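FYI, side chains are in, hydrogens and waters are out, and symmetry mates aren't considered; it's all heavy atoms of this structure. As the structure is a prediction and not an experimental result, all values here were calculated from the model.
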Amino acid sequence: MSNATNSLLDHRRPGPPCIFVIFGASGDLTKRKLIPALFNLRCLGLLPDHFAVIGVAITPGDDASFRAQMSSDIQQFATHPVDQAEWDSFVSACYYLPGDFNDSAVFAALKEKIAAVQKDRQIPGQNVVFNLAVTPTLFGTVAGQLGAAGLLTETADGYRRVIIEKPFGRDLDTARDLN
């Protein structure tokens, strides 16, 4: 690393405790980009100790099958050699919820899963980031379901954020509707 990079990394500090929810967790973007990027942040010490990932997708599965699939995928898509102990620690904080994004029961189950993961991983506060790694036609559906389930309501002890992958709408009118 260059001296400039080392200088920047010397001032790094992890963000606050949070849960990172990935919609489209069984997809290509998740295995090629999102999980490797989150793992890199972990290796650099930029993720908080109290951090977890919850994957949500239509693909059937559970926590164990999700962890196994990600463990296989990281071997192919990691950007540097994988330290097994570091990976084992990271992947143990990963959970999965299968379901159809049009089904409000999935979002009620997600609300319960978030609460259970907060308790299991001792994650204080209510910080949750929702990453929509889904087709643009589902952006409005997922955001609407999150809102209807009360999952976007911020409290004094936490934030809620939604990350939408590009493209954002098909044209100016649909982008405004999504906004």
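For the atom pair L34 CG and M70 CE, the distance stands at 11.0 Å (nearest 0.5 Å). Atom NZ of residue K111 and atom CG of residue L146 lie 11.0 Å apart, to the nearest 0.5 angstrom. Rounding to the nearest 0.5 Å places CZ of R121 at 8.5 Å from SG of C94. We find the CG-CG distance between N131 and L38 to be 8.5 Å, quoted to the nearest 0.5 Å. Note that OH of Y159 and CG of L152 are 14.0 Å apart. Values are rounded to the nearest 0.5 Å. Atom NE2 of residue H80 and atom SG of residue C43 lie 4.5 Å apart, to the nearest 0.5 angstrom.
Nearest approach of P98 to G61, heavy atoms of both residues: CG-O, 3.5 Å. Closest heavy-atom contact between N127 and G158: OD1-CA, 3.0 Å. For V106 against G99, the heavy-atom pair with the smallest separation is CG2-CA, 3.6 Å. Taking each heavy atom of A25 and T30 in turn, the nearest pair found is O-CG2, 3.3 Å. Between C18 and P48, the shortest heavy-atom distance links the atoms N-CG, 4.4 Å. The shortest heavy-atom contact between T137 and T141 is O-OG1, 4.2 Å.
The ring pair (Phe, Tyr, Trp, His ring centres under 6.0 Å) test with F23 is passed by exactly one of F101, F139, Y96: F101.
The main-chain N or O of E86 is never found under 3.5 Å from a side-chain atom of S89 such that the two would form a donor-acceptor pair. With hydrogens and angles disregarded, no donor-acceptor distance shorter than 3.5 Å links the side chain of Q126 to the backbone of E154. The backbone N or O of A149 sits nowhere less than 3.5 Å from a side-chain atom of S104 that would complete a donor-acceptor pair.
Two rings, from F39 and F77, have their centers 6.0 Å or more apart.
Hydrophobic clustering (ILVMFWY, side-chain heavy atoms < 4.5 Å, transitive): I58 and V21 are in distinct clusters. One hydrophobic cluster holds both V129 and F51 under the rule that ILVMFWY side chains link at heavy-atom gaps under 4.5 Å. Connection of L97 to L138 is established within a shared hydrophobic cluster, with ILVMFWY side chains joined at heavy-atom distances below 4.5 Å, either directly or through further cluster members.
Residue pairs satisfying the salt bridge (Lys or Arg N to Asp or Glu O under 4.0 Å) criterion with at least one member in residues 45-67, sequence neighbours excluded, are listed as follows: D63-K113.
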Pair I163, F20 - check side-chain contact (heavy atoms from CB on, under 4.5 Å), show working. CA-CA 10 Å; I163 299 172; F20 194 86; 4.2 Å; yes

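Between I22 and L29, every side-chain heavy-atom pair lies at or beyond the 4.5 Å cut-off. Looking only at side-chain heavy atoms (C-beta outward), H50 and P14 stay at 4.5 Å or farther from each other. Counting heavy atoms from C-beta outward, Y95 and I19 have side chains that stay 4.5 Å or more apart. Between L151 and L110, the closest side-chain pair of non-hydrogen atoms falls below 4.5 Å.
Looking at residues two or more places apart in sequence or on another chain, you find a side-chain contact (heavy atoms from CB on, under 4.5 Å) between Q84 and Q75, W87, D88.
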